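Predicted, not measured: the structure shown is a model, and the values here were computed from it.
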Amino acid sequence: MENSLKDLLNYLATSIVDEPDKVEIEEEQIGDGKTALRLRVAQPDMGKIIGRQGKTAKAIRVLLSAAAAKRGIFFTMDIVD
C-alpha cells in the first residue's frame with residue numbers, strides 16, 4: 001500500500017486530537033490486495049476521533065475511501081484501544 005493513505009490518516013488524526021504525539025497507525029496486509037489500518041490514540045482522545053454517534057470516524061473513513069478509490073486500493077480502518 002502506498003504511504004499516502006497512512007499519511008492522510010495520520011494528518012487527519014493528529015489534527016483532531018489533543019495529544020498528537022500519541023497517535024499510532026499500524027498497517028497490515030490482509031490478503032487479496034487489502035490493507036488494514038489500525039489507529040491508536042490516547043484514551044482521552046478516543047471520543048474526539050469517534051465523534052458523536054461515530055460521525056467523525058465515518059467522515060475519516062469517507063475521506064480515506066475517496067483517496068483509496070482514486071488509487072485502486074482496498075482497505076479497512078479500525079480504531080483500537
Could you pull out the closest heavy-atom pair between I25 and K6, with the gap in Å?
O-CE, 3.6 Å
Say you draw a straight line from CG of L37 to CG of D78; how long is it, rounded to the nearest 0.5 Å?
9.0 Å
To the nearest 0.5 Å, how far apart are CG in L39 and CD in E27?
13.0 Å
Nearest non-hydrogen partners of R61 and F75, listed with the distance
O-CZ, 4.1 Å
With hydrophobic residues grouped by side-chain heavy-atom distances under 4.5 Å, do Y11 and I50 end up in a single group?
yes
Looking only at non-hydrogen atoms, find the nearest pair between G51 and T56 and report the distance.
CA-OG1, 3.5 Å
Verify side-chain contact (heavy atoms from CB on, under 4.5 Å) between E19 and V41, making sure each step is shown before the conclusion.
CA-CA 8 Å; E19 297 181 49; V41 296; over 6 Å; no
Intermediate values then yes/no, side-chain contact (heavy atoms from CB on, under 4.5 Å), D45 and K22:
CA-CA 10 Å; D45 289 328; K22 303 278 180 155; 5.8 Å; no
Check the hydrophobic clustering (I, L, V, M, F, W, Y; side-chain heavy atoms under 4.5 Å; chains of links allowed) and say if L12 and M46 are grouped together.
yes
With rounding to the nearest 0.5 angstrom, report the CD to CG distance, E24 to N10.
11.0 Å
Which pair of non-hydrogen atoms, one from L8 and one from A67, has the smallest distance, and what is that distance?
CD2-CB, 4.0 Å
Any chance you could measure Q53, atom CD, to K58, atom NZ, to the nearest 0.5 Å?
11.0 Å
Heavy-atom closest pair, residues R40 and D81:
NE-O, 3.8 Å
Rounded to the nearest 0.5 Å, how far does CD1 of I60 lie from CD1 of I79?
6.0 Å
Got a salt bridge between K48 and D18, using NZ or NE/NH1/NH2 to carboxylate O under 4.0 Å?
yes
Lys/Arg N to Asp/Glu carboxylate O, E26 vs R38, below 4.0 Å:
yes
Going from OG1 on T35 to CZ on F74, what distance comes out if it is rounded to the nearest 0.5 angstrom?
11.0 Å
Looking at every non-hydrogen atom in both residues, tell me the closest pair between V23 and A13 and how far apart they are.
CG1-CB, 4.0 Å
